[in-house]
*Asks:* 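This is the structure, below, for whatever I ask next.
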Amino acid sequence: MAAARELRYHSRSAVYGDLAYDLDREVREHALRHAGEPPRRQPEAAKAPARAKPRVRSLSKEQVRQRQKVSVLSVLGVGAAIGLAVLVLMGYIQLTAISSQVVDLQEELEALETENVSLTAQHEQMFDLATVKEVAEAAGMSQPSSSQIYYIDLSRGDSAVVYQQEEPSLFSRLLTSLNHGIYAVIEYFE
């Protein structure tokens, strides 16, 4: 039973309470396998590179990178992208300004609508029949008597007379055009 438990826990798929990798397991197993053996000496060749001077690498002319040229199309593309970004930014600035103006005009509209309601109420009050009657009586007016009332008979059809206007002569039209032209020039320079 102990042998089966030992095999089960030393397998690579064994879990010791968490699933984190045990990075030092191989080192510990190696140390356990070689416990009691004298330590091995490293050859002198392996220790020598640590004391050696660092090597300086020189590049021949063929290995030096040549200066790269910038393509004209890439410069134009970047310029166009910057130009479009500036245009979009200007559009947003104009949109913000117009939105501010719209808000101001809406506030002004609300104020004018409120004023319109109050003026309409005053106007209706002025034409209230009771108010008109009081003002008329105060001014000395009274109801008309039957002798002051006249009736008009409109049973006949309507009629109208249209008179033809004389056609102006060529000379009068020329003077009128010249007169209008002079007035237009004077208005332009004022």
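Excluded from the calculations below are hydrogen atoms, water molecules and symmetry mates; all remaining heavy atoms, backbone and side chain alike, are included.
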*Asks:* Using the side-chain hydrogen bond (donor to acceptor under 3.5 Å, both in side chains) rule, collect all pairs that involve residues 87-110, keeping only residues at least two apart or in two chains.
*Replies:* none
*Asks:* Within this structure, what is the CG-CG distance for the pair Leu119 and Leu112, rounded to the nearest 0.5 Å?
*Replies:* 10.0 Å
*Asks:* Sequence neighbours excluded, which residues qualify as ring-ring contact (aromatic ring centres under 6.0 Å, His included) partners of His30?
*Replies:* His34
*Asks:* Under a 4.5 Å side-chain heavy-atom rule over Ile, Leu, Val, Met, Phe, Trp and Tyr, are Val86 and Ile93 clustered together?
*Replies:* yes
*Asks:* Ser147: what forms a side chain to side chain donor-acceptor pair (under 3.5 Å) with it, not counting sequence neighbours?
*Replies:* Ser145
*Asks:* Given Val88 and Leu84, is the side chain to side chain contact (heavy atoms under 4.5 Å, CB included) satisfied, shown in steps?
*Replies:* CA-CA 6 Å; Val88 167; Leu84 289 175; 5.5 Å; no
*Asks:* To the nearest 0.5 Å, how far apart are CD in Gln143 and CD in Glu137?
*Replies:* 8.0 Å
*Asks:* Which other residues end up in the same hydrophobic cluster as Ile152, if Ile, Leu, Val, Met, Phe, Trp and Tyr are linked when side-chain heavy atoms come under 4.5 Å apart?
*Replies:* Leu154
*Asks:* Say whether, by atom type as modelled, one donor and one acceptor occur between the side chain of Ser177 and the main chain of Leu174 under 3.5 angstrom.
*Replies:* no
*Asks:* Is Ile98 linked to Leu95 within one hydrophobic cluster, defined over Ile, Leu, Val, Met, Phe, Trp and Tyr using a side-chain heavy-atom separation of less than 4.5 Å?
*Replies:* no
*Asks:* Starting at OG1 of Thr131, measure out to CD of Glu124 and round the result to the nearest 0.5 Å.
*Replies:* 12.0 Å
*Asks:* Starting at CG of Leu175, measure out to NE2 of His180 and round the result to the nearest 0.5 Å.
*Replies:* 11.0 Å
*Asks:* Sequence neighbours excluded, which residues qualify as side chain to side chain donor-acceptor pair (under 3.5 Å) partners of Asn179?
*Replies:* none
*Asks:* Nearest 0.5 Å, please: how far is CG in Leu178 from CD1 in Ile182?
*Replies:* 4.0 Å
*Asks:* Looking at CZ of Arg28 and CD of Glu26, how far apart are the two atoms once the value is rounded to the nearest 0.5 Å?
*Replies:* 10.0 Å
*Asks:* Of all residues at least two apart in sequence or in a different chain, which pass the side chain to side chain donor-acceptor pair (under 3.5 Å) check with Arg156?
*Replies:* none
